[in-house]
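Worksheet: the structure to be examined is printed underneath.
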Amino acid sequence: MLKIDINLVFTIINILILTVAMRLLLFKPVKDIIARRREEADQEYEKAQADRRQAEELKQQYNESLQKLEEERKETMFTVRKNADAEYQRIVGSAEEKAAAIKSDAQIQAESTRQQVLKRAEREIADMVLEATAKISGDVADGKQINGALYDEFLNKAGERP
């Protein structure tokens, strides 16, 4: 059975004092520490969320700038190819003009050479005709007149041929 004596009262008073003291000195600071830690954790979580959003925005900006750079690269390549093609066409055109000029000069020179060869051949033929006529006619003075006439006639007939 339970005896009620003074020890029991002091024990109950001690338990009550210890409970109040523990509540004031132990539980309340622990709850405050837990609450502060929870607030810090929430702040860190919010900061991490903000950093994640910022990282996603930076990633988006990076992708957009990368896309713009790719478009600029394509435009630059198109422009370079266009300029290179124009330069190629200019060089080819210049080369064709030079080739045509060289060909024309060669044709003119060939025609000039052909004319010179024909004139030289005509002179040689005329000289041979003169010599042959001089030998046949025997008279050099009359032979020169006859030869001149024969030569002129020969040249006229040679000029009529195509």
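By convention here, the first residue in the shown sequence is residue 1.
Judged as a side-chain hydrogen bond (donor to acceptor under 3.5 Å, both in side chains), the pairs with a partner in residues 71-82 (not counting sequence neighbours) are, in order, Glu70-Arg73.
Looking at every heavy atom in both residues, Thr19 comes nearest to Ile15 through OG1-O, 2.6 Å.
In the hydrophobic clustering, Ile6 connects to Phe10, either directly or through intervening members, whenever side-chain heavy atoms lie under 4.5 Å apart. Hydrophobic cluster membership of Val9, counting Ile, Leu, Val, Met, Phe, Trp and Tyr whose side-chain heavy atoms lie under 4.5 Å apart directly or via other members: Ile13, Ile17.
With sequence neighbours left out, the side-chain hydrogen bond (donor to acceptor under 3.5 Å, both in side chains) criterion links Arg90 to Glu87.
Within the model, atoms NZ of Lys98 and CD1 of Ile91 stand 10.0 Å from one another, a figure rounded to the nearest 0.5 Å. In this structure, Lys119 NZ and Glu122 CD are separated by 8.5 Å, a value rounded to the nearest 0.5 Å. In this structure, OG in Ser65 is found 10.5 Å from CD in Gln60, a value given to the nearest 0.5 Å. The distance from atom CD of Gln54 to atom NZ of Lys47, rounded to the nearest 0.5 Å, is 10.5 Å. Summarising the geometry, atom NZ belonging to Lys59 is positioned 12.5 Å from atom CD belonging to Glu64; distances are rounded to the nearest 0.5 Å.
Using a 4.0 Å cut-off between charged side-chain N and carboxylate O, Glu56 and Arg52 make a salt bridge.
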Using a 3.5 Å cut-off and no angle test, enumerate the donor-acceptor pairs between side-chain atoms of residues 26-37 and protein atoms at least two apart in sequence or in another chain.
none

Contacts under 3.5 angstrom, residues 102-118 side chains, donor-acceptor by atom type, not counting sequence neighbours:
unit_1 : atom_1 : unit_2 : atom_2 : d
Glu111 : OE1    : Arg114 : NE     : 3.4
Glu111 : OE2    : Arg114 : NH2    : 2.9
Glu111 : OE2    : Gln115 : NE2    : 2.9
Thr113 : OG1    : Gln109 : O      : 2.8

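Between the Asp5 side chain and the Leu8 main chain, a donor and an acceptor come within less than 3.5 Å of each other.
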